[in-house]
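Please read the structure below before turning to the comments.
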Amino acid sequence: MLEIQVAKSSSIGPHWHDVVIHQSQFTVLNAGKPVRVTSEKGAGHEHVIDVIKDRATGDYYIKRCSGMSDVDPICWDKHPKILKVKLQQ
């Protein structure tokens with residue numbers, strides 16, 4: 001599981017979203033290709049994001065969020081682009 005980290009928008013307040021990534025999707029990410037997933041709801045909304053993996057660092061990033069352009073791919077509520085790996089309990 002990955003986590004979209006705490007949003008920095010003052011209009012909606014601090015919140016985050018969990019993102020479930022299935023094993024088959026990790027396989028695609030490890031091959032250097034993006035996957036599109038929908039986050040769980042947080043603060044009354046969700047995000048559709050394209051996730052990529054930086055193969056040099058192993059970090060996961062938001063490539064595009066909820067229809068934003070490649071020029072401005074950040075989510076409207078200003079979540080950081082880097083995703084946090086979250087171990088399932």
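By convention here, the first residue in the shown sequence is residue 1. This structure is a prediction, so every number in the text was calculated from the model and none was measured.
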Decide side chain to side chain contact (heavy atoms under 4.5 Å, CB included) for Val19 and Lys86; before the verdict, give the C-alpha distance in whole Å, the side-chain angles of both, and the deciding distance to 0.1 Å.
-> CA-CA 9 Å; Val19 178; Lys86 187 174 177 181; over 6 Å; no

Heavy-atom side-chain proximity of Ile82 to Tyr61 below 4.5 angstrom = yes

What distance do Phe26 atom CZ and Ile21 atom CD1 have between them, rounded to the nearest 0.5 Å?
-> 5.5 Å

How close do Gly13 and Ala7 get, heavy atom to heavy atom, and via which atoms?
-> O-CB, 4.4 Å

Sequence neighbours excluded, the answer for side-chain contact (heavy atoms from CB on, under 4.5 Å) partners of Lys8 is Lys78, Pro80

Taken to the nearest 0.5 Å, the spacing of Asp59 CG from Ile52 CD1 works out to 10.5 Å

Rounded distance [0.5 Å steps], CG in Asp18 versus NZ in Lys84 | 10.0 Å

Go through the steps for Leu83 and Ile62 under the test side chain to side chain contact (heavy atoms under 4.5 Å, CB included), then give the verdict.
-> CA-CA 7 Å; Leu83 299 166; Ile62 297 172; 3.8 Å; yes

Who passes side chain to side chain donor-acceptor pair (under 3.5 Å) against Asp77, sequence neighbours left out?
-> His15, His45, His47, His79

Atom CD in Glu46, atom NZ in Lys41: separation rounded to 0.5 Å?
-> 5.5 Å

Sequence neighbours excluded, every pair satisfying side chain to side chain donor-acceptor pair (under 3.5 Å) that has a member inside residues 20-35 | Asn30-Lys53

Are any side-chain N or O atoms of Arg55 and backbone N or O atoms of Ala31, one a donor and one an acceptor, separated by less than 3.5 Å?
-> yes

Do any N or O atoms from the side chain of Ser66 and from the backbone of Val48 form a donor-acceptor pair under 3.5 angstrom?
-> yes

